[in-house]
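I have placed the structure first, in the form of structure tokens, so that the comments after it can refer back to it.
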Amino acid sequence: MGMRSSAGPLANVAFTFGPDVTCFYGQNGAGKTWILNSLRHAMRGHSIGITQLLCEFEHGSIGYGWALDHVARTARDFRSSDATRDRDRAWLREAIEAWFDRGGRYLKPYYDEDDIPSDLVDELSTVTTFALIPTGNLEPEWDVWLCIPGDVARFPACARAVANYFRVVEEVARAEDRDLQESRDLESGDHGDLTDEQYEAIEEELEQRFEELIQLSWSPLYEPLAALLWEYAYLPDPGTAQNWLDPMLADNLPIPIVKLFASREIPLVLEDDDDDADIDAATAEAFAAVFGKKLQAAVGSLALTKSMKRWTLQLNDDANDVYASLLQDAPRLQLEVRPLGRWAVEGAMHWHVAYGAYGLRKVPIAGLSRAETRWARIAVRRALDLTGVSTALIIDEPEAALHRAAERHMARGLDGLTTLGPQVVVATHSPEVLNAQTTGLIHVSKKDGRTSVGQMPALGPETLEKLGLSPSDLLGLYRIFLLVEGEHDKDVIQALCGDFLEAARVKIIPVRGASHLPRTVESHVLFDLSDAHLVAVLDNVRTEEITAAWMEAQTRYLSGDGESAIEYLNGEFNKYKGKKGKEEYEWIGTWLNRALQKGVAARINPWGLKARDIIEYLPVEVLVPKAGKSWDELRHEHDTALPSLDKTKRLHEFKVWLTYTYGADTSVSNVRRAATSMTEIPAEFKKLGYRLREISSRPRDR
């Protein structure tokens, strides 16, 4: 199942639900609750904006049978339980042709049967993808549409229709620009030697071209899509319609194209933690549905049958199993069946928790703590629905009122719920839920008052681990990702700037060598699924030099002269190209250049450390105790010996040479020990710390 919505602040938000827990994460106010509410309203049949529930009903499923039953009734026919696929396709084909031919095209209906694109109709009649669009107000109601599947590669005619739509849009745009320019030239009064008759002829030609342009825009795909808009929104301007359609065509989700029927019920069931419906009444209703006529006989004898008692005991055990899996140290629920003769007065069923030595103090579910009440209701609903009727379980901030250990327990329990049937959908800030391996993550952000989403691809833990990140790091727990060359840089900066890092909420990411820095600009994870700032720190770089060049390039870029900004930046950093010992300038220049080209310059911040290696800020006597020399002396000695050193032994590398010549210990543990032994923080690191605080305080888009 998936959803597409433009309700409220949602900017054509589109996503699909994974097979396990689907989790929305993002800053407070980004729009997570708006998304959950849109899903709630859509499943309850209440119209809010233009929201589409996108469902794949496979042949033979309850959903497909429900849809085809309605299609058959619309055709004034009856669909028997043994209906064949060919018969189903015939009904669908008739419905598709009726929509194309009789009123489905609000803009230009087909009156000639030969005009209907038969190959498109043939493919659509095999489709099992439907959109349920809520239209109800006081009562639930949905319009049901047949969709072009998101995977159009398997449907050549559909793929051609989509490609043709974009081709037509481009042709129309080019023709509009051309005709607009000719009209301006004509209206400017500079007609040269044109006579009035020639002027009128040109004007008439332009008007005729405009009419042809309008005809061109009625592509086989544009018309039914525009009809979708005319059903639910008044958008008389084709340009406005196109602005709404283009994002829908680009999100790779199914596209509603044929309205089939309207319905007051759908084969989807919502289970909501926000639902305060009486659990006792729901249990009694389920009991009555199971036993039916047997219940009437039992009322007459005022005694429960053995099967009724077994059902009650089994439900009690199932509810407690689910409850214990979701809530750590959950109290045991008890289902009390009232005497049959008193059901009319006291109610049939009563869930409670028994306290006291003999369980005499009975506390109803509503009287428990906030967390206990919430998860008890969910557990009972789940126990009542072990057959899997429910389609979606929505939980907003499942971590509410839970301590960290209970969060971990709850996260494991949520994953277990999906094996019992429903799609579990949550909005959360909990690292425990976010970091679960089976959780499908959707990043929610807000810009210029509009909410958008970025669905984390199935790149999974592997890609995140390469960056040293966990999914919860992308939530906004960190305001800055600090990119450094390697583990030594990470440990030294962590030791010397620890207080600054904590205050500025900084996450350090080693990029495994400065040469890998430029690639981070292409990172979907860092730039599309997070809104944190990125700061890169490289050795052997003077901060004042790169900062001045970067500020000037940004100024030019923001003034609208992007080409000048890139050209200037190239000029500033190309002077270091090929120069020995200046490779870092080339790498950071490439990084900044790519950031400008991608349009993410506002989040990029370069920083340099003058020393050629970060270990040169540490006590030399800890790392190279046998040398008895300063870092400057050791550097000079290495530079002097460099032409004669054996490169096959990597002696041209400073740290390798130190180990070979003086037995230096530059292991990660010893570097960490040297950094923590320092009593005075070098000035360059203090400046870095203050800069990180300043960057962290900058406003950012949610």
What about Trp99 and Phe261, are their ring centers closer than 6.0 Å?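 Here the rings of Phe261 and Trp99 have centres that are no less than 6.0 Å from each other.
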Ala354: what forms a side chain to side chain contact (heavy atoms under 4.5 Å, CB included) with it, not counting sequence neighbours?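 Partners of Ala354 by the side chain to side chain contact (heavy atoms under 4.5 Å, CB included) criterion, ordered by chain and then number, come out as Gln334, His352.
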Arg264 meets the side chain to side chain contact (heavy atoms under 4.5 Å, CB included) criterion, sequence neighbours left out, with Glu139, Glu141
Could you tell me which residues satisfy side chain to side chain donor-acceptor pair (under 3.5 Å) with [X], sequence neighbours excluded, listed by chain and number?
{"X": "Asn12", "result": "none"}
{"X": "Glu285", "result": "none"}
{"X": "Asn252", "result": "none"}
{"X": "Thr129", "result": "Glu56"}

Is [X] salt-bridged to [Y], cutoff N-O under 4.0 Å?
{"X": "Glu336", "Y": "Arg338", "value": "yes"}
{"X": "Arg332", "Y": "Asp317", "value": "yes"}
{"X": "Asp272", "Y": "Arg44", "value": "yes"}
{"X": "Arg381", "Y": "Glu271", "value": "no"}

[Y] side chain reached by [X] side chain, heavy atoms, under 4.5 Å:
{"X": "Trp34", "Y": "Ser5", "answer": "no"}
{"X": "Phe57", "Y": "Leu68", "answer": "no"}
{"X": "Ile509", "Y": "Leu482", "answer": "no"}
{"X": "Leu327", "Y": "His409", "answer": "no"}
{"X": "Tyr323", "Y": "Pro331", "answer": "yes"}

Counting only N and O atoms by type, is there a donor-acceptor contact under 3.5 Å from the side chain of Thr128 to the main-chain atoms of Glu58? no
N/O donor-acceptor pair under 3.5 Å between Arg479 side chain and Ser696 backbone: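 Present.
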Using 30° and 60° as the class boundaries, would you call the ring planes of Tyr25 and His443 parallel, tilted or perpendicular?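 Taking His443 first and then Tyr25, their aromatic rings sit tilted (interplane angle of 30° to 60°).
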Would you kindly check if the NZ (Lys) or CZ (Arg) of Arg377 is within the cone defined by 45 degrees around the ring axis of Trp375 and under 6.0 Å from the six-membered ring centre? no
